[in-house]
*Asks:* 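Pasting in a structure now, in structure tokens, and then I'll have a few things to ask.
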Amino acid sequence: MYLRIKEKLQSHEAQYFTLLAFIGIFMMAFCSYTSPAYYFDTSPDNNAFFTVGKAMMNGIVPYKDIFEQKGPYVYFWHGLAYLISHRSFIFIFVTEIVVLVAAMILTYKLARLLKLDELPAFLVAMLSPMLFLYHPYYNYGDTVEFFVLPLLLSLIYLIFLLDQRQLAVNPWWYFTQGLFVGVVFLSKYTLLGAWIAFYLAFGGYLLVKKQWRRLGQVVLWSGAGFLLATVPWLIYFLATGSLGSFINVYILFNTKVYMTSSVSFFSNLIQSTILVARFYLGDVLFFILGVGGTLLILFQRTILQRKLTRALYLLIFLGNDLLALYGYQTGSLYQYYQLVYFAFFVVPFIYLLQLFFKWVRLPKTDDPFVILGTLILSFFLVLGVNNNVVSSRLFPNNQAITKKNTRKPQQPAQVEFGQIMRQQSAHPTLLNYGSIDMGFYTAADAVPTAYYFQNYNIPEKAAPQILRAQRRIIQRHQVQWVVLNTPAKQSVREWRGNREVPGRISSGNLNPGTSKLAKTLYRHYRVVKVHRQVFEETDVQYWLFERK
């Protein structure tokens, strides 16, 4: 066993994978806001996950004691990040590196299944980060969509194995896919489209063909993986008396309130199809790899030889794309939802590069010049599709950090306010008013004490209890600190919210208005600090209030 492991580690592939790991570290250091190269991760979603994970690790039960609408795996993983480092995303950064490296390795494996030699397969894997880090679909990093990419690639890989092995694969593959279904179901269930299509189509085929043994194998092994991922959470919710709250928030709130469309199933499907079509027609590269590439896979029999596997690929492609946007309308669509589409760019990307490598006639053995040149090109392409680095420490005092015109080193509002709160309070109590978590809970190391610790991207009339509860906390001055934001040129007393979308968070994560709240706020709280910085191209002013 030891000799076998040693032989594996000394193999050519192991050397490739080691280099891919270094590439992953380097790429993520520049592209993800969770990287230590950034002053602070200012993403509202990332900080919301971290805040709920922190609360969870302090005995607060998600959905029951604190409101947030993602799945429990998201909060558990960020809770682990909190245990490792109370005020940084270093654990999430490491996780993102692992995810990117896994996606590159699976790209390499897929290329090998497509009969590429080791060197061209490795070069394809080196170039693939351009697909996985494409901004703004990969925005700040740390999204469920990004973490799902290698899971989707593993499903695509399984289809290629089924094609080449006459449907006879190790049953552990089904166990793994069942496990992934459970994890994704309890993270963000709208990303399950590919697996739903796969199991319905493949199970239906086996049923029609009366392949009972294989059908039983798929059901039993997949079911075992699914139960392993879900039963522990069922036990947790039952033990904490929060199963009803979980269903009300994660299932009902998401489908009845957070998804913006309330029309029929068929109408939602048509709406989703329109959004998907606009995505592919909006960029030449997406059209070539998505539409052209999928047609290539369907009609080019050298890629997938069996009609069944070609049909499976088409169905998981459509299921993935349509369900990811199901129930959303154009005005409420966030581009990072569509990052999962990029998993289906990989096989066409491999095929097109295979044609190119045949044309240029690559050397049969490893060529340091070719590898180094491809590495430089890959980094160049990633910087071409992802410019997050301009907000990093490599660009001191950039607008995402401060609008102050000075050469003196500055920190973002989150870090600046966090230091003040920690200096004044060993255990600060804080309310983030009116917007999605802006990172101040993280910077202050504050455990939320309010059920509605933040606001959400929905109209106030859809869930009036959220802002109503937050205003009540301020009226009763139940927390020591209040943080809110306004446009740069408006005060708390002046900011009335966006009139085009009244009662809803607007561009720049700006709250729905503070003017009506100002009188009560200033009666019980005083301004401690004001800080300006740019968020999502909006000049925002952040306000820190302390209880009098």
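From a predicted model like this one, the values you see are computed outputs, not experimental measurements. In this chain, residues are counted from 1 in sequence order.
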*Asks:* So, Asn47 side chain and Thr442 main chain: donor-acceptor pair closer than 3.5 Å or not?
*Replies:* no
*Asks:* Any ring pair (Phe, Tyr, Trp, His ring centres under 6.0 Å) pairs touching residues 388-424, not counting sequence neighbours?
*Replies:* Phe417-Phe440
*Asks:* Taking Tyr433 for the side chain and Gln454 for the main chain, is one N or O donor matched with an acceptor at less than 3.5 Å?
*Replies:* no
*Asks:* Applying ring-ring contact (aromatic ring centres under 6.0 Å, His included), can you list everything that pairs with Phe146, at least two apart in sequence or on another chain?
*Replies:* Tyr138
*Asks:* With a cut-off of 6.0 Å (strictly less than), are more than 12 heavy atoms of other residues, nucleotides or ligands near CZ of Arg547?
*Replies:* yes
*Asks:* Among all residues two or more places apart in sequence or in another chain, which pass the ring-ring contact (aromatic ring centres under 6.0 Å, His included) test with His135?
*Replies:* none
*Asks:* Taking Gln470 for the side chain and Tyr452 for the main chain, is one N or O donor matched with an acceptor at less than 3.5 Å?
*Replies:* yes
*Asks:* Would one find more than 12 heavy atoms of other residues, nucleotides or ligands at under 6.0 Å from atom CH2 of Trp233?
*Replies:* yes
*Asks:* Does Arg526 have any side chain to side chain donor-acceptor pair (under 3.5 Å) partners at least two apart in sequence or in another chain, and if so, which?
*Replies:* Glu546
*Asks:* Working note: Phe40 + Gln411, criterion side chain to side chain contact (heavy atoms under 4.5 Å, CB included); need CA distance, chi angles, decisive distance, verdict.
*Replies:* CA-CA 9 Å; Phe40 190 82; Gln411 294 284 357; over 6 Å; no
*Asks:* For residues 375-391, please give each side-chain donor-acceptor pair under 3.5 Å, one per line with the distance, not counting sequence neighbours.
*Replies:*
from	atom 1	to	atom 2	distance (Å)
Ser378	OG	Met126	O	2.6
Asn386	OD1	Asn388	N	3.0
Asn386	OD1	Asn388	ND2	3.4
Asn386	ND2	Leu133	O	3.0
Asn388	ND2	Cys31	O	2.7
Asn388	ND2	Asn139	O	2.5
Ser391	OG	Tyr33	OH	3.2

*Asks:* Between the side chains of Tyr140 and Glu536, does any donor sit under 3.5 Å from an acceptor?
*Replies:* yes
*Asks:* Specify the closest pair of heavy atoms between Ser32 and Thr34, including all atoms of both residues, with the distance to one decimal.
*Replies:* OG-OG1, 2.6 Å
*Asks:* So which of Glu416, Gln410, Gln414 actually passes side chain to side chain donor-acceptor pair (under 3.5 Å) with Gln533?
*Replies:* Gln414
*Asks:* Give a yes or no on whether the backbone of Ala29 and the side-chain of Ser35 come within a donor-acceptor separation of less than 3.5 Å.
*Replies:* yes
*Asks:* Taking only residues at least two apart or on different chains, which pairs with a member in residues 485-515 satisfy ring pair (Phe, Tyr, Trp, His ring centres under 6.0 Å)?
*Replies:* none
*Asks:* Quick one: does any side-chain atom of Lys548 pair with a main-chain N or O of Tyr522 as donor and acceptor, under 3.5 Å?
*Replies:* yes
*Asks:* Among Thr95, Asn46, Asp142, exactly one meets side chain to side chain donor-acceptor pair (under 3.5 Å) together with His78. Which residue is that?
*Replies:* Asp142
*Asks:* Would you please classify the geometry between the Phe279 ring and the Tyr137 ring as parallel, tilted or perpendicular, with 30° and 60° separating the classes?
*Replies:* perpendicular
*Asks:* Please check if any side-chain donor atom of Thr51 sits under 3.5 Å from a side-chain acceptor atom of Asp437, or the reverse.
*Replies:* yes
*Asks:* List the atom of Ser154, the atom of Leu106, and the distance in Å for their closest heavy-atom pair.
*Replies:* N-CD1, 4.0 Å
*Asks:* Can you name the residues that form a ring-ring contact (aromatic ring centres under 6.0 Å, His included) with His86, not counting sequence neighbours?
*Replies:* Tyr82
*Asks:* Please name the residue in the list Phe286, Tyr341, Phe345, Phe349 that meets the ring-ring contact (aromatic ring centres under 6.0 Å, His included) test with Tyr134.
*Replies:* Phe286
*Asks:* Excluding sequence neighbours, so at least two apart, what forms side chain to side chain donor-acceptor pair (under 3.5 Å) with Thr520?
*Replies:* none
*Asks:* Rounded to the nearest 0.5 Å, what's the gap from CD1 on Ile316 to CG on Leu152? Could you check?
*Replies:* 7.5 Å
*Asks:* Only counting residues at least two apart or in another chain, list the ones meeting side chain to side chain donor-acceptor pair (under 3.5 Å) with Thr240.
*Replies:* Ser242
*Asks:* With sequence neighbours excluded, tell me which residues meet side chain to side chain donor-acceptor pair (under 3.5 Å) with Thr42.
*Replies:* none
*Asks:* Under 3.5 Å, is there a donor-acceptor pair between the side chain of Tyr441 and the main chain of Asn432?
*Replies:* yes
*Asks:* Say whether, by atom type as modelled, one donor and one acceptor occur between the side chain of Ser272 and the main chain of Asn268 under 3.5 angstrom.
*Replies:* no
*Asks:* Quick one: list whatever passes ring-ring contact (aromatic ring centres under 6.0 Å, His included) with Phe22, sequence neighbours left out.
*Replies:* none
*Asks:* Any side-chain donor paired with an acceptor under 3.5 Å for Ser425 and Gln480?
*Replies:* yes
*Asks:* Report all side-chain donor-acceptor pairs from residues 400-409 shorter than 3.5 Å, counting only partners two or more places apart or in another chain.
*Replies:*
from	atom 1	to	atom 2	distance (Å)
Thr402	OG1	Lys404	N	2.9
Thr406	OG1	Lys408	N	3.0

